[in-house]
Amino acid sequence: MATNNDTDNNGVDELSPFLAKQVDGADEKNTGKPSKDSSPEKTPAPGYVNCGAEYGWTADGLPLGHGSVVGEPIRRNQWDSSLFACLGRNDEFCSSDLEVCLLGSVAPCVLYGANVERLGSSPGTFANHCLPYSGLYLLGNFFFGGNFLAPWFSYPSRSAIRRKFNLEGSCEALDRSCGCCGSFVEDELQREQCETACDFATHIFCHTCALCQEGRELRRRLPHPGFNAQPVLVMIPPTEQTMGRGA
């Protein structure tokens, strides 16, 4: 005949499936020896969040994979085409590159307005940039015999494209090729000031080529704002229905 203690133990066994782990913890507390299943938990490094077996994120929200070093600088992207590749490349954008080259040679104001419109994607961007550029273009050709005023107005677009797509600037390109601008590249603020000055000099001395290079880059990376129209769902109410009386 089972005693009351046995009945109570059987009830505990049926109601508590984790009794084995509780007993192990009790044995560890009584004997002072760690159980076989207990293992020290690994504390993650500060600033790292484990989100799977292969990938994680740093505290700043940047992706971190195996072999990556926290704080490693992000590598810059290179321009899709060089500054003097006016005809572009022989790919699916070949006809678009020819159009960019023609606009840059004949109507740079239209090309500049189209570049800023594709970059900004806001209504009225084309007119707000094309008209001032056209005015400066005409004034420069009338007073100085060349397009010397419009580049002062258009060079910030090149800096905006470079920052938006994390593109390599002139100082970084020189440092990568010959190592002559290392002191400017090390400091981020000084590097950005140097790159902005190089963007200005590129528009002053190679204005048409700079506009064409920016146009080719934007057409390969961003669709035209006119192609981003979202479909609108129109709900048509049902027509009025009447019940006919049978004969």
Legend entry - Check against side chain to side chain contact (heavy atoms under 4.5 Å, CB included), F142 and L149: CA-CA 11 Å; F142 181 77; L149 296 180; over 6 Å; no
Inset, instruction - Check side chain to side chain donor-acceptor pair (under 3.5 Å) between R118 and all other residues, then give those that pass, not counting sequence neighbours. - result: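 If we apply the side chain to side chain donor-acceptor pair (under 3.5 Å) test to R118, skipping adjacent residues, there are no hits.
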Legend entry - Residues forming a side chain to side chain donor-acceptor pair (under 3.5 Å) with D199, sequence neighbours excluded: S159, R162
Legend entry - Note: D80-R89 ion pair, threshold 4.0 Å (strictly below): yes
Inset, instruction - Identify which one of E195, H203, R163 satisfies the side chain to side chain contact (heavy atoms under 4.5 Å, CB included) criterion when paired with R158. - result: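 Testing R158 for a side chain to side chain contact (heavy atoms under 4.5 Å, CB included) against E195, H203, R163 leaves exactly one candidate, H203.
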Legend entry - Identified side chain to side chain contact (heavy atoms under 4.5 Å, CB included) counterpart of Y112 within the set S157, P151, S134: S157
Legend entry - Whether Q213 side chain and S81 backbone form a donor-acceptor pair below 3.5 Å: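 Present.
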Inset, instruction - Give a yes or no answer on whether the side chain of E172 reaches the backbone of R191 with a donor-acceptor pair at less than 3.5 Å. - result: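 Pair absent, no side-chain N/O of E172 close to backbone of R191.
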Legend entry - Nearest atoms (heavy-atom pairs only) where C101 meets C86: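 Looking at all heavy atoms of both residues, the closest pair is CB-O, 3.5 Å.
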Inset, instruction - Assess R219 against F93: is NZ or CZ under 6.0 Å from the centre of the six-membered ring, and within 45 degrees of the ring's axis? - result: no
When you compare the side chain of [Y] with that of [X], does any pair of heavy atoms fall below 4.5 Å?
{"X": "L167", "Y": "R221", "answer": "yes"}
{"X": "I204", "Y": "F148", "answer": "no"}
{"X": "H129", "Y": "L119", "answer": "no"}
{"X": "W79", "Y": "I161", "answer": "yes"}
{"X": "V116", "Y": "E214", "answer": "no"}
{"X": "E117", "Y": "L218", "answer": "no"}
{"X": "P108", "Y": "T208", "answer": "no"}

Single-linkage hydrophobic cluster [X]~[Y], side-chain heavy atoms < 4.5 angstrom:
{"X": "F153", "Y": "F144", "result": "yes"}
{"X": "L83", "Y": "L98", "result": "no"}
{"X": "V110", "Y": "V106", "result": "no"}

Rounded to the nearest 0.5 Å, what's the gap from [atom1] on [X] to [atom2] on [Y]? Could you check?
{"X": "L131", "Y": "F126", "atom1": "CG", "atom2": "CZ", "result": "8.0 Å"}
{"X": "D97", "Y": "L87", "atom1": "CG", "atom2": "CG", "result": "8.5 Å"}
{"X": "F205", "Y": "F200", "atom1": "CZ", "atom2": "CZ", "result": "8.0 Å"}

Legend entry - Centroid-centroid distance, Y133 to H207, less than 6.0 Å: yes
Legend entry - pair check: C194 + C171, SG-SG < 2.5 Å: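 Cysteines C194 and C171 qualify as a disulfide pair, their SG atoms being under 2.5 Å apart.
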